[in-house]
**Student:** 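Once you've had a glance at the structure underneath, I'll fire off some questions.
Numbering of residues begins at 1 and proceeds along the displayed sequence.
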Amino acid sequence: MIVRMVKGGFYETMQKGDKCAVFVSTHAMAKEVCKALHREIGELDIRTYLECDPLENLMDSDIRVTTVLSGGTAHDIKGLTVSIQTINLNSIKSNLQVLGRLREIKDRDCRFYYLYCSNIPKHVEYHKNKIEQFQDWCKERKDMMLDPLVGQPSSN
């Protein structure tokens, strides 16, 4: 699912110099997502950025897979056009740290994606909170439903 989001939300529309950040919950998950992305779109520079990794992994790669603690604060990544949050968080601070990695880029749309499960009540609550938290930060909001039977995104 994460690979599909990266391919559809970043890879298929990326231009020279565009970058993507994928935020996951654990170091082990970051390594697995990085491996899966390499299998599918290995021609890009895809790296983890965890506390043990060099800063170049965060700044220089096309796609960096990181955690909120490792890659969510105090770094401006030139050319970052897509940020994907795969963890369902309710913390205003953490949500804004992930969204806040994006900076306005002339003639480019920056996109923030996050996942939630519509049949888990806490996920739905957190989703509603994000809508409220982000209303002044985002110019447009669009919900997409990932069809579990087909495995392809469809409009909601």
**Student:** Can you see which heavy atom on Val124 is nearest to which on Cys117, and at what distance?
**Tutor:**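 Looking at all heavy atoms of both residues, the closest pair is CG2-O, 4.0 Å.
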**Student:** What residues form a salt bridge (Lys or Arg N to Asp or Glu O under 4.0 Å) with Lys128, not counting sequence neighbours?
**Tutor:**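 For Lys128 there are no salt bridge (Lys or Arg N to Asp or Glu O under 4.0 Å) partners, ignoring immediate neighbours.
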**Student:** Could you walk me through whether Ile2 and Met5 pass side chain to side chain contact (heavy atoms under 4.5 Å, CB included), step by step?
**Tutor:** CA-CA 5 Å; Ile2 295 169; Met5 287 187 71; 5.5 Å; no
**Student:** Give a yes or no on whether Val3 and Met1 share a hydrophobic cluster (residues Ile, Leu, Val, Met, Phe, Trp, Tyr; joining criterion: side-chain heavy atoms under 4.5 Å apart).
**Tutor:**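 Yes.
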**Student:** I'd like to know if the side chain of Ser83 reaches the main chain of Phe112, judged simply by a donor and an acceptor atom lying under 3.5 Å from each other, with no hydrogens or angles considered.
**Tutor:**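 No, the answer is negative, given that no donor and acceptor are paired below the 3.5 Å cut-off.
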**Student:** What are the two closest non-hydrogen atoms of Cys20 and Ile84, and how far apart are they?
**Tutor:**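 That closest heavy-atom pairing would be SG-CD1, 4.1 Å.
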**Student:** Kindly state each residue pair satisfying salt bridge (charged side-chain N to carboxylate O under 4.0 Å, His left out) with at least one member in residues 30-44, sequence neighbours excluded.
**Tutor:**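 Every salt bridge (charged side-chain N to carboxylate O under 4.0 Å, His left out) pair that includes a residue of residues 30-44, provided the two are not neighbours, is Lys7-Glu40, Glu32-Lys35.
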**Student:** Side chains of Thr67 and His27, heavy atoms from C-beta outward: is any pair under 4.5 Å?
**Tutor:**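 SC-SC contact between Thr67 and His27 confirmed.
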**Student:** I want to check something: taking the side chain as every heavy atom from C-beta on, are Tyr11 and Leu44 in contact at a cut-off of under 4.5 Å?
**Tutor:**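 A side-chain contact under 4.5 Å exists here.
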**Student:** Does any non-hydrogen side-chain atom of Tyr49 lie less than 4.5 Å from one of Leu55?
**Tutor:**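 Heavy-atom side-chain distance check passes, below 4.5 Å.
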**Student:** Mind checking side chain to side chain contact (heavy atoms under 4.5 Å, CB included) for His38 and listing every partner two or more places apart, or none if nothing turns up?
**Tutor:**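 So His38 forms a side chain to side chain contact (heavy atoms under 4.5 Å, CB included) with Cys34, Ile46.
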**Student:** Consider only side-chain heavy atoms of I, L, V, M, F, W and Y, link residues closer than 4.5 Å, and tell whether Met14 and Val22 are in one cluster.
**Tutor:**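 Yes, it is one cluster - the side chains of Met14 and Val22 are joined through contacts under 4.5 Å.
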**Student:** Looking only at heavy atoms, which two atoms of Arg111 and Thr13 are closest? And how far apart?
**Tutor:**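 Reported closest heavy-atom pair: NH2-OG1, 3.3 Å.
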**Student:** Is Val6 close to Ile63 at the side-chain level, that is, under 4.5 Å between some pair of heavy atoms?
**Tutor:**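 They are in side-chain contact.
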**Student:** Could you measure the distance from the OH atom of Tyr116 to the NZ atom of Lys122? Nearest 0.5 Å is fine.
**Tutor:**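 That separation rounds to 16.0 Å.
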**Student:** Among Thr66, Asn57, Asp53, find the residue that satisfies the side chain to side chain donor-acceptor pair (under 3.5 Å) test when tested with Thr48.
**Tutor:**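 Option passing the side chain to side chain donor-acceptor pair (under 3.5 Å) with Thr48: Asp53.
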**Student:** So do Phe10 and Asp18 actually touch side chain to side chain, heavy atoms under 4.5 Å?
**Tutor:**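 Counting from C-beta outward, Asp18 and Phe10 do come under 4.5 Å.
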**Student:** For Met59, is the CE atom crowded, meaning more than 12 foreign heavy atoms sit under 6.0 Å from it?
**Tutor:**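 Atom CE in Met59 is packed in, count exceeds 12.
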**Student:** Considering all heavy atoms of both residues, which atom of Ser61 and which atom of Leu58 are nearest to each other, and what is their separation?
**Tutor:**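 Heavy atoms of Ser61 and Leu58 come nearest at OG-O, 4.2 Å.
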**Student:** Give the cluster check for Ile87 versus Leu50: same hydrophobic cluster or not, with ILVMFWY residues linked at side-chain heavy-atom distances below 4.5 Å.
**Tutor:**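 No, Ile87 does not connect to Leu50 through the hydrophobic network.
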**Student:** Are Arg47 and Asp45 within salt-bridge range, i.e. N to O under 4.0 Å?
**Tutor:**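 Judged by the 4.0 Å cut-off on N to carboxylate O distance, Arg47 and Asp45 do form a salt bridge.
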